[in-house]
Amino acid sequence: MSYPEYPHSSFPEEICDLPGMQDVSATMRPVIEQYNEAWINNDVDAMAAINEKYPNLKKSLFNADKFNVLLDGVKATQKFFKDDVNAMIQDVAQKTVGINDNPSEEEKKLNSYSAEKMDYLTGVSIASNLSIPVTAWSSDLTYTFKSDKIYENDQVNVYFSSDSMVAAAKAFIVVKDNTGEGNLVLQASKLPKSALNIRNIEVVRKNG
């Protein structure tokens with residue numbers, strides 16, 4: 001990317017190759033005087049001949065070409081920082097500390113997760129204040145809660161309300177593994193004696 005309105009500059013696609021200059025040496029002073037005399041006399045041919053004979057002379061002359069290269073370089077730099085630097089910063093951030101929710105082991109060294117991914121890594125609430133009546137338990141002492149927010153490999157955490165913790169513990173209730181996408185299955189060792197209240201159900205998602 002460069003700016004067509006500044007044709008003498010290739011920034012920011014490339015660093016501009018600004019021509020170097022040097023002070024006039026004692027040996028080059030007579031040549032400069034010849035060149036200035038030709039310029040005063042409007043002798044373009046003599047000026048061209050001197051330039052051809054002494055190519056280093058250009059390093060001591062500040063002309064329109066050098067000024068235009070310098071001016072376009074300055075303008076291109078200003079335009080970049082005014083209009084395009086935010087996009088560059090975002091692009092660099094994506095490439096160097098990229099947002100990739102499914103990085104390889106090598107990419108994890110230079111990777112950031114999205115805010116959504118970070119939420120799921122710490123646990124996202126998918127239900128709250130849920131009551132499980134005694135009649136909701138099946139004959140095999142399981143209770144199934146369905147939600148499209150549960151993926152197949154998610155870890156699902158269930159937090160019982162304080163008034164139900166003792167009853168849940170006495171029924172030896174655990175969260176079953178490998179119950180398929182969309183399912184949370186609680187397994188009890190014996191039928192709870194009363195309704196159980198769940199304060200919160202959270203999903204922890206490590207794979208995507």
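- To the nearest 0.5 Å, atom NZ of residue Lys82 and atom NZ of residue Lys75 are 14.0 Å apart.
- The distance from the CD1 atom of Ile50 to the CG atom of Asp45 is 11.0 Å, given to the nearest 0.5 Å.
- Note on Ile40: it clusters hydrophobically with Leu57, by side-chain heavy-atom contacts below 4.5 Å among ILVMFWY residues.
- To the nearest 0.5 Å, the span separating CG on Asp72 from OG on Ser10 amounts to 10.5 Å.
- To the nearest 0.5 angstrom, Asn129 atom CG is 10.5 Å from Ile201 atom CD1.
- Counting non-hydrogen atoms of other residues, nucleotides and ligands closer than 6.0 Å to CG of Asp140 gives a total above 12.
- Closest of all the heavy-atom pairs between Met165 and Phe160 is CE-O, 3.3 Å.
- The local environment of CD in Glu181 is crowded, with over 12 non-hydrogen atoms from other residues, nucleotides or ligands closer than 6.0 Å.
- Annotation for Leu141 and Ser189: closest pair CD1-O, 3.5 Å, computed over non-hydrogen atoms.
- By the neighbour-count criterion of 12 heavy atoms within 6.0 Å, atom CG of Asn178 is sparsely surrounded, having that number or fewer from other residues, nucleotides or ligands.
- Linking ILVMFWY residues whenever their side-chain heavy atoms come closer than 4.5 Å, directly or via other members, leaves Phe172 and Leu191 in distinct clusters.
- Heavy atoms of other residues, nucleotides or ligands lying less than 6.0 angstrom from CG of Asn42 number 12 at most.
- Nearest heavy-atom pair across Thr27 and Pro30 is O-CD, 3.5 Å.
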Could you walk me through whether Asp84 and Tyr3 pass the side chain to side chain donor-acceptor pair (under 3.5 Å) check?
CA-CA 11 Å; Asp84 299 319; Tyr3 304 117; 2.5 Å; yes

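- Other residues, nucleotides and ligands contribute over 12 non-hydrogen atoms within 6.0 Å of the CD atom of Gln22.
- Here the CG-CG distance, from Asn56 to Asn51, works out to 11.0 Å after rounding to the nearest 0.5 Å.
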Go through the steps for Val174 and Leu186 under the test side-chain contact (heavy atoms from CB on, under 4.5 Å), then give the verdict.
CA-CA 6 Å; Val174 297; Leu186 299 180; over 6 Å; no

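- Contact annotation: the side chain of Ser164 never approaches that of Ile132 to less than 4.5 Å [non-hydrogen atoms, C-beta and beyond].
- Note: the hydrophobic cluster containing Trp39 also contains Val31 (ILVMFWY, side chain heavy atoms under 4.5 Å, direct or indirect links).
- Within a 6.0 Å sphere centred on CZ of Phe67, other residues, nucleotides and ligands contribute 12 heavy atoms or fewer.
- Between Tyr143 and Trp137, the ring planes lie tilted relative to each other; the angle falls in the 30° to 60° range.
- Counting heavy atoms from C-beta on, the side chains of Thr179 and Leu184 never come closer than 4.5 Å.
- Residues Phe145 and Ile198 are not in side-chain contact: their nearest non-hydrogen atoms beyond the backbone lie 4.5 Å or more apart.
- Under a hydrophobic-cluster definition in which Ile, Leu, Val, Met, Phe, Trp and Tyr are linked whenever side-chain heavy atoms come within less than 4.5 Å, directly or via other members, Tyr151 and Leu121 are assigned to different clusters.
- Val185 and Ile150 fall into different hydrophobic clusters, where Ile, Leu, Val, Met, Phe, Trp and Tyr are joined by side-chain heavy atoms under 4.5 Å apart, directly or via other members.
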Would you check, one step at a time, whether the test side-chain contact (heavy atoms from CB on, under 4.5 Å) holds for Phe11 with Tyr6?
CA-CA 9 Å; Phe11 185 82; Tyr6 307 127; over 6 Å; no

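- Closest of all the heavy-atom pairs between Arg199 and Ser161 is N-OG, 3.5 Å.
- Separating the CD atom in Gln187 from the OG1 atom in Thr144 is a distance of 9.5 Å, to the nearest 0.5 Å.
- When all heavy atoms of Lys149 and Asp154 are compared, the pair lying nearest together is O-OD2, 3.7 Å.
- The shortest heavy-atom contact between Lys170 and Lys190 is O-CE, 2.8 Å.
- The shortest side-chain heavy-atom distance between Lys146 and Asn183 falls under the 4.5 Å cut-off.
- Put simply, the side chain of Glu33 reaches to within 4.5 Å of the side chain of Arg29, judged on heavy atoms.
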